[in-house]
Amino acid sequence: MMERILITSAIPYINGIKHLGNLVGSQLPADLYARYMRARGHEVMFICATDEHGTPAELAAAKAGKPVAEYCAEMWQVQKDLSDGFRLSFDKFGRSSSPQNRRLTQYFAGRLADNGLIEEVSERQVYSNADGRFLPDRYIEGTCPNCGYERARGDQCENCTKQLDPTDLIDPRSAISGSTDLEVRETKHLYLRQSQMKDQLDAWITSKTDWPILTTSIAKKWLHDGDGLRDRGITRDLDWGVPVQKGDDVWPGMEGKVFYVWFDAPIEYIAATKEWADGKGLDDAAWRRWWRTDEGADDVRYVQFMGKDNVPFHTLSFPATIMGSGEPWKLVDYIKSFNYLNYDGGQFSTSQGRGVFMDQALSLLPADYWRWWLLSHAPENSDSEFTWENFQASANKDLSDVLGNFVSRVTKFARSKFGEVVPEGGSTAAEDANSPDTPGHWLVLAVSQNIALYEQHMENMEVRKAANELRRIWAAGNEYLQEFAPWSVHKENPDAAAHIVRLALNYIRLLAILSRPFIPDTSAAILNALNVEDTNWLRFNSGKESNRINALVESLSALPPGHAFTVPDNLFRKIGDEERVEWSERFAGVRA
RNA sequence: GGGCCUGUAGCUCAAUUGGUUAGAGCAGAGCGCUCAUAACGCUUUGGUUGGGGGUUCGAGUCCCUCCGGGCCUACCA
């Protein structure tokens with residue numbers, strides 16, 4: 001039965017190129033899931049965007065010597081090109097600075113205000129005269145009153161870990177300019193009264209018993225820590241952002257202020273869907289059927305992917321915005337969260353130039369190498385680690401030896417004995433299926449269970465387990481060849497060898513289809529070499545084993561005798577020891 | 001300080017939620033194959049599940065404690 005699945009990946013911040021840890025923590029597994037669900041015939045809406053507002057964006061733009069809007073537009077293009085390079089199949093890669101998001105963010109704020117969930121709070125914040133801006137706590141540096149560390153930040157001292165208030169610091173200065181010309185000013189901000197919705201949120205989270213522990217434990221911690229869920233400031237004194245308005249109306253007293261990025265960023269999931277519709281010239285119904293349960297989204301399953309640092313905003317703040325609107329907007333059904341990927345014994349570090357960033361990765365090797373390694377090592381249960389040795393070993397063994405060489409040996413053998421057409425002779429896959437000890441029977445029995453498990457893991461977003469199962473399915477091709485040894489059989493019985501090879505060529509087609517969510521380019525190269533038109537997943541209408549076997553038999557008959565193919569270039573080259581050493585030195589950065 | 005996660009073979013990870021003798025891949029060893037990218041297949045050596053204590057007929061799994069690694073702690077996003 002066809003389902004409708006809405007998938008969002010946490011939106012990457014605009015101020016620079018993301019590293020492989022960012023990629024594997026949300027966008028890449030989301031893409032895997034989106035591709036799989038499309039392949040299974042479901043209707044998918046896969047949304048991502050750049051998160052463009054906030055102080056770091058302003059500072060990065062200033063550092064680049066550009067107006068912030070221009071800087072963001074350029075960086076959006078850079079990130080868009082990289083996501084294309086990694087074959088991330090977003091239906092829309094939007095921008096949180098879009099007019100659509102501006103209006104929608106202002107709309108939600110208005111709804112929340114109407115429902116009594118916004119509170120105006122006057123507070124005192126540090127203002128830097130030299131920088132001409134209010135400073136977030138962590139952009140203030142000074143001497144720690146507790147331990148005397150001279151580079152303590154306004155929120156916490158990194159040396160003694162004591163939590164601080166900016167006014168606690170001795171000799172405070174701006175971390176941006178170093179200026180000590182600071183003063184405390186009164187300023188008014190809007191707070192989202194999340195505390196009003198604590199019980200509602202708690203009940204909702206509690207009901208999600210099938211979510212990853214990582215997701216629910218973080219949410220529960222925030223709900224129950226101290227006095228419980230706290231209200232959250234959702235505005236800032238900045239120039240760059242969504243101007244504070246109550247719907248279409250001005251918000252008296254809030255002139256010149258913008259919404260806090262974490263208020264408008266999740267709303268961009270919705271707005272980006274409108275960007276998608278607008279870009280295609282579709283009407284509002286086209287996007288609202290994904291987001292309004294009263295306008296067609298009641299049958300949508302909504303899945304979010306994110307790194308663990310994003311969990312509080314997706315389990316609490318954004319749901320509070322949705323629930324607090326009092327309108328039937330679609331709430332998330334499942335949150336798949338990830339731990340961090342570390343780099344060779346430490347963390348990825350932008351400032352230290354440590355680790356591999358998305359642009360660098362693509363300059364070294366094609367996307368499929370990275371996709372395969374990252375997904376098959378996704379940090380699902382705990383932080384995981386990238387090492388060059390592991391990367392080299394996995395890529396060479398899994399991709400070159402197990403998969404690439406299998407395709408190579410089959411197609412080259414077929415060409416040398418029968419020419420570049422699928423050979424005829426021997427029995428059919430359907431006949432084999434009912435005859436024990438035949439190649440077709442052996443192959444179907446060997447992989448049927450693996451494919452069932454693979455599909456189950458993909459459904460459940462068990463990324464590493466799915467990769468592991470897929471590898472087994474690749475390896476079964478080599479086991480099959482060893483079992484039936486067409487190179488020996490051919491000497492005595494060319495027809496029997498033709499039959500073995502025909503099945504093998506068909507199995508390659510099946511592998512390409514099953515592997516597509518992980519390694520789309522390689523799959524495309526295989527399907528292209530085999531002149532395959534029909535790239536549909538296995539066809540079956542129930543989970544019954546007999547049904548599955550029938551579908552497999554059908555799939556293994558897809559390329560008929562006489563069908564022309566070509567031998568593809570080697571699908572994967574091996575990563576050599578020399579280049580591995582060179583790369584590990586090049587990306588080591590400054591060791592701490 | 002508080003909370004959470006985590007520690008299983010040399011390496012990367014499993015273990016149907018307390019149930020036979022803790023399993024895979026890689027690396028190592030042996031044998032086989034010769035179609036293929038010196039690739040592939042089969043067999044096989046590796047574990048006192050971080051240490052100690054407890055509950056139980058039964059513990060990798062639950063409890064206590066110690067040791068190690070990591071994350072979060074609400075104005076970075």
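Naming convention: chains lettered A, B, ... in sequence-line order (proteins, then strands); numbering from 1 in each chain.
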Sugar-phosphate only, base, or nothing, as touched by A:G228 at under 4.0 Å among non-hydrogen atoms: base
Any A:R153 side-chain N or O less than 4.0 Å from OP1/OP2 of B:C75: no
Rounded distance (Å) that lies between atom P of B:G69 and atom OH of A:Y343: 22 Å
Any side-chain donor near an acceptor of the partner, A:N101 and A:S96, under 3.5 Å: no
N/O donor-acceptor pair, side chain A:N405 with base B:A39, under 3.5 angstrom: no
Spacing between A:W487 atom CH2 and B:C40 atom C1', to the nearest angstrom: 7 Å
Touch class at under 4.0 angstrom, heavy-atom based, for A:D309 against every strand present: base
Atom-to-atom span, CG of A:D383 to P of B:C4 - whole angstrom: 18 Å
Heavy-atom donor-acceptor pair, A:Q125 side-chain to B:C75 base, under 3.5 Å: yes
Base B:C33 to side chain A:E483, donor-acceptor N/O within 3.5 Å cut-off: no
A:H490 side chain reached by A:F418 side chain, heavy atoms, under 4.5 Å: yes
side-chain N/O A:R464 vs B:A14 OP1/OP2, d < 4.0 Å: yes
Anti or syn - B:G53, cut at 90° from 0: anti
Any donor-acceptor N/O pair under 3.5 Å between B:A74 base and A:R230 side chain: yes
Sugar-phosphate only, base, or nothing, as touched by A:L135 at under 4.0 Å among non-hydrogen atoms: nothing
Sugar-phosphate, base or nothing in reach of A:S384, heavy atoms under 4.0 Å: sugar-phosphate
Ion pair A:E123/A:K188, N-O distance below 4.0 Å: no
Candidate nucleotides B:U37, B:C75, B:A74, ranked by approach to the side chain of A:K412 - the nearest: B:U37
Test item: A:E578 and A:V581 side chains (from C-beta on) under 4.5 Å apart, heavy atoms: no
Lys/Arg-Asp/Glu bridge criterion (N-O < 4.0 Å) met for A:D383, A:K308: yes
Salt bridge present between A:K574 and A:D401 (N-O < 4.0 angstrom): yes
Electrostatic pair A:R124-A:E183, nearest N-O below 4.0 angstrom: no
Touch class at under 4.0 angstrom, heavy-atom based, for A:K220 against every strand present: nothing
N-glycosidic conformation, B:U44 - syn within 90 degrees of 0, else anti: anti
Sugar-phosphate, base or nothing in reach of A:R573, heavy atoms under 4.0 Å: nothing
Stem segments of RNA chain B by first residue number [Watson-Crick or G-U, under 3.5 Å, at least 3]: B:1-7 with B:67-73, B:10-13 with B:23-26, B:28-32 with B:40-44, B:50-54 with B:62-66
